[in-house]
Amino acid sequence: MTADLLPLIPIFFIIAILYSSAGFGGGSSYLAVLALFPIEYSSLRVIALTCNIIVVAGAVFLFYKNDLIPYEKVWPLVILSIPMAFLGGYIHLDEKIFFVILGIILIFAALSMLIKVKKEVKRLPPYTNGIIGGGIGFLSGMVGIGGGIFLSPVLYLSRWNVPKAIAATTSLYILVNSVAGLAGQFSSGNITVDITLLTSLGLSVFLGGQIGSRLTVFRLEPSLVKKISAMLILFVGIRILYQNM
């Protein structure tokens, strides 16, 4: 790892705190930040997904211990997302197309998160959860993120559950999607990763994720963090789209 990549360590630490406190892994912002540094394109999605897994694995454990995961509603989301994320991860995108798609998705997700919705929980048919999970899983695997940034706005807009349950669900969804997407990418071949960089960033996001997850479970109301996250996502989405159009 070269000296010009050292700023990534504190940046990833801060991203992990912020995003894990809202139930996210931070994959979208990891990608956005990595795109600004001289890093091999083929390793971008691998780094983002690996950091996602590290952050949300700790979050899922905490949510599980505090009985915040609504399993009966989660499984329809997860079951279809796994094969679809693997399939999406297997697809290789042209570098320019990849960043244009990423920028558009980030802007859409950020704007969706800023929309105010009613707080009452609305019951959706099980097949709806399967469609949502599979569709977002494929898109997430293709772009190289865990999918929480897409799933969370959909769940909030549909009044799927209370905020902490949505955060817990998002973390679990990101975990299984990230693992499936990463497996798909390695199956496609042509992957090169700087192990020293990956290890350094992995330790950084682990510490940040532990802090952020505990804020969600024990202290912090996710609504404020969701708004801050949305503004950050919007900024990086516009920046990436501007640079690649």
Side-chain angles (χ1 to χ4, degrees), residues 1-2 4-63 81 85-86 88-89 98-99 102 105-106 109 136-137 139-152 167 170-186 191-216 225 229 232-233 236-237 240:
M1 184 175 69
T2 57
D4 57 343
L5 298 180
L6 289 177
L8 284 170
I9 296 175
I11 292 173
F12 270 47
F13 175 73
I14 294 170
I15 290 173
I17 293 176
L18 179 61
Y19 280 73
S20 61
S21 63
F24 298 154
S28 57
S29 285
Y30 298 145
L31 279 173
V33 172
L34 289 170
L36 304 176
F37 286 79
I39 297 174
E40 180 68 32
Y41 168 67
S42 64
S43 67
L44 295 184
R45 294 193 295 173
V46 172
I47 294 174
L49 284 175
T50 302
C51 289
N52 253 352
I53 292 169
I54 292 170
V55 171
V56 297
V60 168
F61 177 72
L62 283 174
F63 287 131
S81 76
F86 179 89
F98 167 77
F99 284 117
L102 177 62
I105 288 172
L106 293 181
I136 294 176
L139 184 61
S140 304
M142 183 174 64
V143 176
I145 60 180
I149 199 171
F150 309 141
L151 181 66
S152 185
T170 300
S171 292
L172 180 59
Y173 186 86
I174 292 171
L175 178 60
V176 297
N177 258 9
S178 296
V179 172
L182 191 61
Q185 288 181 41
F186 277 111
I191 300 297
T192 57
V193 183
D194 184 335
I195 298 301
T196 303
L197 174 63
L198 185 61
T199 302
S200 300
L201 296 181
L203 290 172
S204 178
V205 299
F206 172 77
L207 294 175
Q210 289 297 304
I211 295 172
S213 298
R214 281 168 170 75
L215 287 175
T216 302
V225 179
S229 299
L232 284 173
I233 294 167
V236 295
I240 288 176

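What you are looking at is a predicted structure, and each value in this text was computed from that prediction instead of being measured. Only this structure's heavy atoms are used, side chains among them; waters, hydrogens and symmetry mates stay out.
- Residues Y173 and G137 approach most closely at OH-N, 3.0 Å, considering heavy atoms.
- Closest of all the heavy-atom pairs between V205 and I54 is CG2-CG2, 4.0 Å.
- Atom CG in L34 sits 7.0 Å away from atom CG in L201 (nearest 0.5 Å).
- Across all their heavy atoms, S43 and I39 have their closest contact at OG-CG2, 3.4 Å.
- Counting only heavy atoms from C-beta outward, the side chains of L207 and I211 never approach each other to under 4.5 Å.
- When all heavy atoms of S20 and G212 are compared, the closest pair comes out as OG-CA, 3.1 Å.
- Among F13, Y30, F37, the single residue meeting the side chain to side chain contact (heavy atoms under 4.5 Å, CB included) criterion with L8 is F37.
- To the nearest 0.5 Å, atom CG of residue L197 and atom CG of residue L6 are 9.5 Å apart.
- Of all non-hydrogen atoms in A16 and G209, the two that sit nearest each other are CB-N, 3.7 Å.
- Distance check, rounded to the nearest 0.5 Å: CG of L198 to OG1 of T50 gives 5.0 Å.
- Residues S200 and I9 share a closest heavy-atom pair of CB-CD1, 3.9 Å.
- Put simply, the side chain of P38 reaches to within 4.5 Å of the side chain of L5, judged on heavy atoms.
- With rounding to the nearest 0.5 Å, the separation of CD in E40 from CD1 in I47 is 10.0 Å.
- For the atom pair I174 CD1 and N52 CG, the distance stands at 6.0 Å (nearest 0.5 Å).
- With rounding to the nearest 0.5 Å, the separation of CG in L182 from CZ in F86 is 11.0 Å.
- None of C51, S204, S29 except one satisfies the side chain to side chain contact (heavy atoms under 4.5 Å, CB included) rule with I15; the exception is S29.
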